[in-house]
Amino acid sequence: YFGRSLAYSSGYLYQAGGATDLNGITDGINVFFAQVHSNGTIGSWNSATSLPEAIFFHAGVAANGFIYVIGGEHYNPTDGIFISSDVYYAKINSDGSLGAWNIANPLPQILFYLSASVWNNTIYVTGGFNGGEILSTNVYSAQIQTNGSLSSWTTQTSIGLYLGGIN
């Protein structure tokens with residue numbers, strides 16, 4: 001797998017999306033989870049509820065009993081490959097499995113190759129590529145609601161630096 005995300009929540013690791021050498025981008029619907037034992041070893045990987053469409057080069061986080069798959073390149077047979085602003089989320093069940101995927105408020109713009117993190121019930125997203133421009137200084141945030149949905153995304157203060165000559 002490449003172009004996937006890995007997130008941790010309540011004793012489980014979650015790998016979402018990505019492409020493989022075997023089946024390519026169509027494997028991007030796959031989600032797997034494995035229990036993390038107290039000694040740091042990982043149990044066997046299990047299939048979780050598949051994503052609604054293939055997703056790769058996205059960001060993934062887990063918070064407040066939900067897992068989020070943010071932006072990325074998407075694929076479906078009708079539209080082909082496209083860059084997306086979509087955000088999907090699913091409830092994490094007590095046994096580590098996932099509920100159905102839902103759609104949260106989309107990012108302010110289409111992005112892939114982005115990064116995300118969570119702090120204090122807020123998801124933060126930075127960087128990315130929109131297909132025409134590298135956005136290395138942008139920062140967006142959204143509040144996690146009690147039902148797992150997200151508030152509208154807010155544009156935060158730009159990082160304000162240039163990385164490797166690219167702004």
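Fair warning: this is a prediction, and the values are worked out from it, not measured in the lab.
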Start with the C-alpha distance between Thr49 and Val31, add both sets of side-chain angles, then the distance that settles side chain to side chain contact (heavy atoms under 4.5 Å, CB included), and finish with yes or no.
CA-CA 7 Å; Thr49 305; Val31 180; over 6 Å; no
How about [X] and [Y]: do any of their side-chain heavy atoms sit closer than 4.5 Å?
| X | Y | value |
| --- | --- | --- |
| Phe56 | Asp27 | no |
| Val139 | Ile159 | yes |
| Leu98 | Ile92 | yes |
| Trp101 | Ile67 | yes |
| Trp153 | Ile123 | yes |
| Leu107 | Val87 | yes |
| Glu73 | Ile25 | no |
| Glu53 | Asp86 | yes |

For the pair [X] (side chain) and [Y] (backbone), establish whether a donor and an acceptor sit closer than 3.5 Å, ignoring hydrogens and angles.
| X | Y | result |
| --- | --- | --- |
| Ser136 | Gly127 | no |
| Asn130 | Leu111 | no |
| Tyr68 | Gly148 | yes |
| Ser85 | Pro106 | no |
| Gln145 | Gln143 | yes |

Please step through side-chain hydrogen bond (donor to acceptor under 3.5 Å, both in side chains) for the pair Thr122 and Asn120, ending with a clear verdict.
CA-CA 5 Å; Thr122 303; Asn120 199 23; 5.9 Å; no
Would you name the heavy atoms of [X] and [Y] that are closest together and state the gap between them?
| X | Y | result |
| --- | --- | --- |
| Asn138 | Gln109 | ND2-NE2, 4.1 Å |
| Phe112 | Gly131 | CE2-N, 4.2 Å |
| Val125 | Ala116 | CG2-CB, 4.1 Å |
| Ala90 | Gly99 | CB-O, 3.8 Å |

Under 3.5 Å, side-chain donor or acceptor atoms of residues 34-41 against the rest of the protein: list the pairs with distances, not counting sequence neighbours.
unit_1, atom_1, unit_2, atom_2, d
Asn39, OD1, Thr41, N, 3.0
Asn39, OD1, Thr41, OG1, 2.7

Linking I/L/V/M/F/W/Y whenever their side-chain heavy atoms sit closer than 4.5 Å, directly or via other members, would [X] and [Y] fall into one cluster?
| X | Y | value |
| --- | --- | --- |
| Tyr89 | Ile103 | no |
| Val69 | Phe66 | no |
| Leu6 | Phe33 | no |
| Ile55 | Ile29 | no |
| Val118 | Leu150 | yes |

Between Asp21 and Phe2, does the side chain to side chain contact (heavy atoms under 4.5 Å, CB included) criterion hold? Intermediate values first, please.
CA-CA 9 Å; Asp21 292 334; Phe2 59 93; 4.2 Å; yes
Pairwise distance OG(Ser97) to NZ(Lys91) - rounded to 0.5 angstrom:
10.5 Å
From CA spacing to verdict: side chain to side chain contact (heavy atoms under 4.5 Å, CB included), Tyr113, Leu135:
CA-CA 10 Å; Tyr113 298 136; Leu135 304 163; over 6 Å; no
Which residues pass the ring-ring contact (aromatic ring centres under 6.0 Å, His included) test with Tyr88, not counting sequence neighbours?
none
Please name all residues satisfying ring-ring contact (aromatic ring centres under 6.0 Å, His included) with Tyr140, sequence neighbours left out, ordered by chain then number.
none
Step by step, would you call Asn76 with Phe82 a side chain to side chain contact (heavy atoms under 4.5 Å, CB included)?
CA-CA 9 Å; Asn76 64 55; Phe82 59 98; 3.7 Å; yes
Under the side chain to side chain donor-acceptor pair (under 3.5 Å) rule, collect the residues that match up with Asn121, sequence neighbours excluded.
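Side chain to side chain donor-acceptor pair (under 3.5 Å) check on Asn121 returns Asn64.
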Listed partners of Ser117 passing side-chain contact (heavy atoms from CB on, under 4.5 Å), at least two apart
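side-chain contact (heavy atoms from CB on, under 4.5 Å) check on Ser117 returns nothing, list empty.
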Anything under 3.5 Å between a donor and an acceptor, one on a side chain of residues 7-17, the other on a protein residue two or more places apart or in another chain? List them.
unit_1, atom_1, unit_2, atom_2, d
Tyr8, OH, Gly11, N, 2.9
Tyr12, OH, Asp95, O, 3.3
Tyr14, OH, Gly96, O, 2.8

